[in-house]
Amino acid sequence: LSYEKSKETRARMNYLKRPGPALALALLLSRSSTSTAAPNCDDAVGNGLCPDAFSLSEMGECLIAKRAEVDENCQVYVDINQACGSAMERCGDGIQWGSDAILCVTQWTRKDDLSADCADALLKLPEDKPAAEPEVSEEESEASKKKREKRKAARKRAANDVRKLEAENAREARSKTEKKSKKPKKTRRQRAADDEDL
């Protein structure tokens with residue numbers, strides 16, 4: 001019962017923490033499952049280019065109207081969404097202007113199924129380049145190891161503290177129930193006698 005209540009409370013809290021529609025849309029547009037940096041309009045949306053857009057289609061209309069105001073990366077995103085709209089509809093509802101728009105036309109759709117305009121727009125995509133691994137010095141490596149160990153130890157201590165508290169609470173609850181059960185129950189005669197004495 002308490003688990004279900006806490007689950008319900010968490011759900012309510014998560015609902016209250018939800019961002020406004022424009023911010024949610026910006027976050028939706030910014031998520032990308034590709035390993036490379038696919039074109040997007042994160043910066044434009046994040047800087048409030050379309051504050052009145054509350055759906056993906058409204059965001060698309062706004063980006064088309066304000067195409068000249070955005071950077072080249074966003075312009076490529078707009079061009080692909082405009083040229084490949086029919087292919088994106090086949091991928092599903094809410095794909096066009098969403099975070100999976102580029103994935104839909106590059107990975108989920110066969111190249112033979114793309115229109116000529118869409119294929120031309122896809123030529124503007126940046127080439128895949130493997131991400132270079134950042135160089136980490138030994139000092140940074142050792143420092144990060146120490147930090148991880150500290151955090152791990154702190155988590156362990158906190159878990160032990162919680163276990164101790166739970167055990168202590170369980171002992172207290174048991175002792176209270178034992179005290180109640182140790183008192184002998186009075187018979188009807190004894191209670192009647194007590195009532196007469198009053």
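Note that CD of Gln96 is 9.0 Å distant from OG of Ser86, once rounded to the nearest 0.5 Å. For the atom pair Trp108 CH2 and Ile95 CD1, the distance stands at 5.0 Å (nearest 0.5 Å). Remark: Lys146 NZ to Arg148 CZ distance equals 12.5 Å, nearest 0.5 Å. Distance check: Cys118 SG to Gln82 CD gives 12.0 Å after rounding to the nearest 0.5 Å. Summarising the geometry, atom CG belonging to Leu63 is positioned 6.0 Å from atom CG belonging to Leu49; distances are rounded to the nearest 0.5 Å. Here CD1 of Ile102 is found 7.5 Å from CG of Leu122. Values are rounded to the nearest 0.5 Å.
The minimum heavy-atom distance linking Asn81 with Trp97 is given by the pair OD1-N, 2.8 Å. In terms of heavy-atom proximity, Ala121 sits nearest to Ala83 at CB-CB, 3.8 Å. Shortest non-hydrogen contact noted between Arg67 and Gln75 is O-NE2, 3.2 Å. When all heavy atoms of Glu58 and Asp52 are compared, the pair lying nearest together is OE1-O, 3.7 Å. Nearest heavy atom pair, residue Leu114 against residue Val105, reads CD1-O, 3.8 Å.
Scanning for salt bridge (charged side-chain N to carboxylate O under 4.0 Å, His left out) contacts around Asp113 gives Arg110, with sequence neighbours left out. Residues passing the salt bridge (charged side-chain N to carboxylate O under 4.0 Å, His left out) test with Lys124, sequence neighbours excluded: Asp79.
Between Cys104 and Cys91, the two SG sulfurs come within 2.5 Å of each other, short of that mark.
With a 6.0 Å radius and a threshold of 12 heavy atoms from other residues, nucleotides or ligands, Glu172 has its CD atom above the threshold.
Side-chain contact between Ile80 and Leu125 is present, with heavy atoms from C-beta onward closer than 4.5 Å. No side-chain heavy atom of Asp71 sits under 4.5 Å from any side-chain heavy atom of Tyr77. For the pair Val70 and Cys41, the minimum side-chain heavy-atom distance is 4.5 Å or more.
Between the side chains of Asn160 and Arg163, at least one donor N or O lies within less than 3.5 Å of an accepting N or O.
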Inset, instruction - Output, in order, the C-alpha distance, side-chain angles, deciding distance and verdict of disulfide bond (SG atoms under 2.5 Å apart) for Cys62 and Cys50. - result: CA-CA 6 Å; Cys62 174; Cys50 303; 1.8 Å; yes
